[in-house]
Novice: 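Okay, here's the structure, questions in a sec.
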Amino acid sequence: MVEVRPEEISAILRQELSNFKTSTELEEVGTVLQIGDGIARVYGLNKVRAGELVEFETGVRAVIT
């Protein structure tokens, strides 16, 4: 049977945790209902406010009015 050494496990855990990234990114996703004349009607962006910049899946950006 293999002998388990706590100091070896601790060293491995420390090494793995040192590479752990603590930053997070928040995304809010909506559904495009209609597009026409340069205007997109989007449902589901409850936290977006006028003047904010949003980015569509295609990379197109728009300002909320």
Side-chain angles (χ1 to χ4, degrees):
M1 183 165 202
V2 178
E3 183 179 328
V4 177
R5 296 188 322 208
E7 62 276 356
E8 190 175 340
I9 293 172
S10 293
I12 293 169
L13 287 173
R14 281 192 191 94
Q15 181 181 1
E16 290 297 318
L17 289 173
S18 69
N19 297 326
F20 182 73
K21 295 179 183 176
T22 58
S23 63
T24 59
E25 196 171 307
L26 178 64
E27 288 186 8
E28 186 173 1
V29 179
T31 303
V32 176
L33 301 175
Q34 182 180 27
I35 298 176
D37 295 329
I39 298 172
R41 289 184 55 218
V42 180
Y43 173 80
L45 299 177
N46 299 325
K47 296 182 181 177
V48 176
R49 300 292 178 241
E52 287 191 65
L53 182 67
V54 296
E55 184 173 351
F56 293 93
E57 194 174 68
T58 61
V60 173
R61 294 181 181 165
V63 176
I64 302 299
T65 58

Novice: Apply side chain to side chain contact (heavy atoms under 4.5 Å, CB included) to L17 and list each qualifying residue two or more places apart in sequence or on a separate chain.
Specialist: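 Side chain to side chain contact (heavy atoms under 4.5 Å, CB included) list for L17, sorted by chain: empty.
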Novice: Would you please name every residue forming a side chain to side chain contact (heavy atoms under 4.5 Å, CB included) with A11, sequence neighbours left out?
Specialist: none
Novice: Check residues 24-35 and write down every donor-acceptor pair under 3.5 Å in which the side-chain atom is one partner and the other belongs to a residue at least two apart or another chain.
Specialist:
from	atom 1	to	atom 2	distance (Å)
E28	OE1	K47	N	3.4
E28	OE2	N46	N	2.7
E28	OE2	K47	N	3.1
Q34	OE1	R41	NH1	3.1

Novice: Apply side chain to side chain contact (heavy atoms under 4.5 Å, CB included) to T58 and list each qualifying residue two or more places apart in sequence or on a separate chain.
Specialist: F56, V60
Novice: Which salt bridge (charged side-chain N to carboxylate O under 4.0 Å, His left out) pairs, counting each pair once, include a residue from residues 3-20, with sequence neighbours left out?
Specialist: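 Matches after skipping sequence neighbours: R5-E7, R5-E8.
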Novice: Residues sharing V2's hydrophobic cluster, by side-chain heavy-atom contacts under 4.5 Å among ILVMFWY, directly or via others?
Specialist: none
Novice: Which Ile, Leu, Val, Met, Phe, Trp or Tyr residues join L13 in one cluster when any pair of side-chain heavy atoms under 4.5 Å counts as a link?
Specialist: V4, I9
Novice: In Å, rounded to the nearest 0.5 Å, how long is the span from OG1 of T65 to CD1 of I39?
Specialist: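 Rounded to the nearest 0.5 Å, the OG1-CD1 separation comes out at 7.5 Å.
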Novice: Under the salt bridge (charged side-chain N to carboxylate O under 4.0 Å, His left out) definition, can you give me all pairs with a residue in residues 50-65, not counting sequence neighbours?
Specialist: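 Every salt bridge (charged side-chain N to carboxylate O under 4.0 Å, His left out) pair that includes a residue of residues 50-65, provided the two are not neighbours, is E55-R61.
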